[in-house]
Amino acid sequence: LDLSPADLAKDTPLLVGIQTLAYLIVVGFMLLIVRLKYNTPFLEAISWNMPRLGRVLLLLLAGALLAGFSGGASQLLSRWIPKELPIDEFFRTRASAYSMMFFGIAVAPLAEELFFRGFLYPALARSVGVAASVILTSASFALLHAGQLAHAWVPLLIIFIVGSAFTGVRAYTKSVATTVIIHVGYNSTLFTALFIGTQGFRHLGKP
């Protein structure tokens with residue numbers, strides 16, 4: 001099988017696998033740093049602090065409401081959002097959409113929250129204080145998605161606001177598990193809306 005780099009770039013399931021592996025490597029690196037520097041259980045070091053089971057549904061709902069804000073803001077400011085974004089290329093077929101849904105719900109919330117809210121935020125907070133660290137962490141979170149969003153200012157601003165909400169919750173609750181659950185609720189709502197709007201990923205953009 002002879003595939004060019006351009007063909008590989010369009011193979012969303014393959015790219016999702018590569019991205020998942022990259023996230024696993026990052027998490028492994030964090031585990032190593034915590035073990036060598038702090039000699040503390042990882043979940044304790046990052047302030048995992050799982051919320052009570054009864055709060056999980058409320059946190060998922062909070063994520064859904066945040067997704068509603070994101071969608072509403074995107075509609076309101078759509079004139080400043082490019083018609084085509086690089087991320088749209090990952091939703092050209094049902095297989096690619098399902099791959100992205102798996103990654104967006106099962107992988108990205110956990111890995112991204114572990115890094116940004118569990119690892120980066122407390123390191124910055126110790127150096128520059130809570131307020132500045134919320135801004136810096138959220139800006140870094142937005143920049144992670146910049147390539148997917150064509151560096152367009154409106155989508156990046158929305159992601160920055162969403163990231164600020166995640167980081168603010170992390171600062172207030174001192175619980176990374178809480179932000180993971182909200183992030184899952186956020187992404188799940190976005191993918192559910194896309195699934196319903198495309199009738200089960202049957203009416204996506206042309207490949």
Within residues 23-48 or reaching into it, pairs that qualify as salt bridge (Lys or Arg N to Asp or Glu O under 4.0 Å) - sequence neighbours excluded:
none
Restricting to side-chain contact (heavy atoms from CB on, under 4.5 Å), what partner residues turn up for I105, sequence neighbours left out?
M101, V184, S188, F191
Treating Ile, Leu, Val, Met, Phe, Trp and Tyr as nodes and any side-chain heavy-atom pair under 4.5 angstrom as an edge, say whether I182 and I159 lie in one connected cluster.
yes
Working to the nearest 0.5 Å, report the span between CD of Q19 and CG of L14.
11.5 Å
Please list all pairs meeting ring pair (Phe, Tyr, Trp, His ring centres under 6.0 Å) that have one or both residues in residues 94-125, counting only residues at least two apart or in different chains.
Y23-F103, Y98-F201, F116-F141
Cluster partners of L143, using ILVMFWY side-chain heavy atoms under 4.5 angstrom, listed by chain and number?
none
Shortest non-hydrogen contact from K83 toward D88:
O-OD2, 4.1 Å
Please enumerate all residues that pass salt bridge (charged side-chain N to carboxylate O under 4.0 Å, His left out) together with E89, with sequence neighbours excluded.
R92
For the atom pair CD1 (I81) and CG (L77), what is the distance rounded to the nearest 0.5 Å?
6.5 Å
Apply side chain to side chain contact (heavy atoms under 4.5 Å, CB included) to the pair V27 and M30, showing each step before the final yes or no.
CA-CA 5 Å; V27 172; M30 290 189 290; 3.9 Å; yes
Pairs touching residues 168-180 that satisfy side-chain hydrogen bond (donor to acceptor under 3.5 Å, both in side chains), sequence neighbours left out:
E113-T179, S175-T178
Just to verify, what does I161 make a side-chain contact (heavy atoms from CB on, under 4.5 Å) with, not counting sequence neighbours?
F69, L157
Should M100 and S96 count as side-chain neighbours, where that means a heavy-atom distance under 4.5 Å?
no
Does the side chain of L66 come within less than 4.5 Å of F166's, by heavy atoms?
yes
Might you point out which heavy atoms bring R94 and L204 nearest each other, and give the distance in Å?
N-CD1, 3.9 Å
Contact between F160 and L156 at the side-chain level, heavy atoms closer than 4.5 Å - yes or no?
no
Considering only residues two or more places apart or on different chains, which pairs with a residue in residues 58-73 satisfy side-chain hydrogen bond (donor to acceptor under 3.5 Å, both in side chains)?
S70-Y186
Let me confirm one number: the CG-CD1 distance from L32 to I25, rounded to the nearest 0.5 Å.
13.0 Å
For the hydrophobic clusters of this structure (ILVMFWY residues joined by side-chain heavy atoms under 4.5 Å, transitively), does one cluster hold both V130 and L136?
no
Taking every non-hydrogen atom, the tightest pair across A95 and P13
O-CG, 4.4 Å
Check I158 against A73 and note the closest heavy-atom contact, atom names and distance.
CD1-CB, 3.8 Å
In the hydrophobic cluster built from side-chain contacts under 4.5 Å, what are the other members alongside I196?
none
Following the transitive rule for hydrophobic clusters with a side-chain heavy-atom cut-off under 4.5 Å over Ile, Leu, Val, Met, Phe, Trp and Tyr, establish whether F195 and I87 coincide in one cluster.
yes
Qualifying residues under side-chain contact (heavy atoms from CB on, under 4.5 Å), relative to L43, sequence neighbours excluded:
I46, W48
Please report the closest heavy-atom contact between T167 and S138, naming both atoms and the distance.
OG1-OG, 3.4 Å
Can you name the closest pair of heavy atoms from N187 and P109 and give their distance?
ND2-CG, 3.8 Å
Looking at side-chain heavy atoms only, is the closest gap between L60 and I181 below 4.5 Å?
yes
Are there over 12 heavy-atom neighbours, none belonging to L21, within less than 6.0 Å of that residue's CG?
yes
With clusters built from Ile, Leu, Val, Met, Phe, Trp and Tyr whose side-chain heavy atoms come within less than 4.5 Å, directly or transitively, what are the remaining members of the cluster of L61, listed by chain and number?
L65
Under a 4.5 Å side-chain heavy-atom rule over Ile, Leu, Val, Met, Phe, Trp and Tyr, are W153 and L85 clustered together?
yes
Got a sec, which residues hit side-chain contact (heavy atoms from CB on, under 4.5 Å) with A152, two or more places apart in sequence or on another chain?
P82, P155
Hey, any chance L124 and I33 share a hydrophobic cluster, counting ILVMFWY side chains that come within less than 4.5 Å of each other, even indirectly?
yes
Say you draw a straight line from CG of L36 to CG of L31; how long is it, rounded to the nearest 0.5 Å?
10.5 Å
